[in-house]
Structure formats: structure tokens, C-alpha cells
Amino acid sequence: PSAERNSLMSKIVVVDDSQAELQLIESYLKAAHHTVVTFPNTEQLEEKILTEMPDLIVMDVVMPGRNGFQACRDLKSDTRFTRIPILLCTSKGQESDKFWGQQQGANGHVVKPFKPEELLLAVKRALS
């Protein structure tokens, strides 16, 4: 793979327990010509990520089972995944949430509800 990735055509895994959110995020990303793979939870996420090997992971924070913060920390502490940027989607926009996300190794975050351009800008930043 070339060192210069085309940020226009990236493979992105989206993890969100809300079907509506998944469809929304997927439509935004597909409109920007990204390849999108969606998962409704963080169960066996490591195995799924290994199979997909995405350029970026967009993950909801509040989910049943393992939440986005925990999954982000798990992925970032696994040498197989440390280089994959993770963008956290959260309905909590406080500075403390951003800070906590960064502490877990997140490469960026988007506050719900977000506009398509906000998501795409965050994706672009995380990919660059």
C-alpha cells in the first residue's frame, strides 16, 4: 500500500447499537465515497476488525456490553490495531468526555447529533 492513502476512498467500520444511527452514518460516509461496514455492537469486534482491516473505526460510546471507551482502549492496547484510527461518536460533548476519549486512545470524536460535514471533517482529520 502506498504511504499516501486516498482519504476519499477509505474503508470504515462503524459500530453503533442504534440501527438509525448506523444507517445515518453509513449514508454520510457512502455519499463521500467511503466503503462502509457496520456492526451493531462490540461483540467479537477484534475478530471482525482483523477480517475487515479498515482504515478507520467510527464507534459509538454508549452501548450495551462493552462500551466505546472500553472497546477503544482494548483495540489501542492490541498491537494488531494500534495504527487504526478510532473516531468516537458521543452524545456527551463535554470537555471531560473528549479528554476521557483521548485517554482511551481515540483519534478524534464527533458529538451527536452531527451534520454530515462535521462527521466527514472528523473522518478526514482522523485519516490524515
Side-chain angles (χ1 to χ4, degrees):
S2 65
E4 193 184 336
R5 267 216 180 111
N6 183 350
S7 63
L8 283 173
M9 294 291 293
S10 299
K11 184 175 191 181
I12 303 176
V13 159
V14 182
V15 189
D16 199 316
D17 59 314
S18 154
Q19 190 59 42
E21 291 282 349
L22 272 184
Q23 287 172 338
L24 190 68
I25 295 170
E26 183 178 17
S27 68
Y28 290 169
L29 294 174
K30 280 189 169 167
H33 309 290
H34 294 293
T35 303
V36 184
V37 182
T38 61
F39 299 119
N41 54 47
T42 55
E43 274 172 44
Q44 291 160 334
L45 188 59
E46 283 79 354
E47 289 83 350
K48 292 170 181 169
I49 299 291
L50 266 183
T51 307
E52 299 296 340
M53 285 318 276
D55 298 302
L56 173 71
I57 299 165
V58 175
M59 188 154 44
D60 184 26
V61 170
V62 183
M63 292 184 280
R66 183 168 54 154
N67 70 34
F69 284 145
Q70 292 166 322
C72 180
R73 191 171 57 228
D74 292 344
L75 288 168
K76 288 293 184 177
S77 58
D78 188 321
T79 51
R80 297 173 299 176
F81 311 117
T82 39
R83 297 185 53 196
I84 303 175
I86 297 176
L87 195 57
L88 291 176
C89 286
T90 173
S91 45
K92 304 185 174 111
Q94 287 87 12
E95 284 303 316
S96 58
D97 294 298
K98 294 178 192 177
F99 176 75
W100 186 240
Q102 284 165 345
Q103 294 298 103
Q104 311 311 310
N107 299 82
H109 83 283
V110 191
V111 179
K112 293 177 180 179
F114 44 77
K115 298 183 182 83
E117 55 270 24
E118 289 171 327
L119 175 67
L120 296 173
L121 184 63
V123 163
K124 198 171 169 182
R125 280 201 194 116
L127 285 168
S128 58

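Residue numbers count from 1 along this sequence. None of the values given here were measured: they were computed from a predicted structure.
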| said: Does anything in residues 13-24 form a side-chain hydrogen bond (donor to acceptor under 3.5 Å, both in side chains)? List the pairs, not counting sequence neighbours. | reply: Asp16-Lys112
| query | Who pairs with Thr51 by side-chain contact (heavy atoms from CB on, under 4.5 Å), at least two apart in sequence or on another chain? | reply | none
| Connected hydrophobic set around Leu45, excluding itself, where side chains approach under 4.5 Å | Val13, Val15, Val37, Phe39, Ile49, Leu50, Met53, Ile57, Met59, Val61, Val62, Met63, Phe69, Leu75, Phe81, Ile84, Ile86, Leu88, Trp100
| note | salt bridge (Lys or Arg N to Asp or Glu O under 4.0 Å) filter on Glu46, not counting sequence neighbours, yields Arg66
| Ser10 pairs by side-chain contact (heavy atoms from CB on, under 4.5 Å) with which of Asp55, Leu29, Thr35? | Asp55
| request: For atom CD of Glu43, decide whether the heavy atoms of other residues, nucleotides or ligands shown that lie under 6.0 angstrom number more than 12. | output: no
| query | Taking only residues two or more places apart in sequence or in another chain, which ones pass side-chain contact (heavy atoms from CB on, under 4.5 Å) with Gln94? | reply | Lys92, Ser96, Asp97
| note | Lys76 meets the side-chain hydrogen bond (donor to acceptor under 3.5 Å, both in side chains) criterion, sequence neighbours left out, with Asn107
| said: Using the side-chain hydrogen bond (donor to acceptor under 3.5 Å, both in side chains) criterion, which residues pair with Lys30? Sequence neighbours excluded. | reply: Glu26
| Counterpart residues, side-chain contact (heavy atoms from CB on, under 4.5 Å), relative to Gln44 (two or more places apart) | Glu47
| Is any side-chain heavy atom of Cys89 less than 4.5 Å from a side-chain heavy atom of Ile25? | yes
| said: Using the rule that Ile, Leu, Val, Met, Phe, Trp and Tyr join whenever any side-chain heavy atoms are under 4.5 Å apart, tell me whether Phe114 and Val111 fall into a single cluster. | reply: no
| request: Kindly write out the residues that satisfy salt bridge (Lys or Arg N to Asp or Glu O under 4.0 Å) with Glu95, not counting sequence neighbours, or none if the list is empty. | output: Lys98
| request: Could you walk me through whether Asp74 and Asp78 pass the side chain to side chain contact (heavy atoms under 4.5 Å, CB included) test, one step at a time? | output: CA-CA 6 Å; Asp74 292 344; Asp78 188 321; over 6 Å; no
| field | Lys11: salt bridge (Lys or Arg N to Asp or Glu O under 4.0 Å) partners, not counting sequence neighbours | value | Glu52
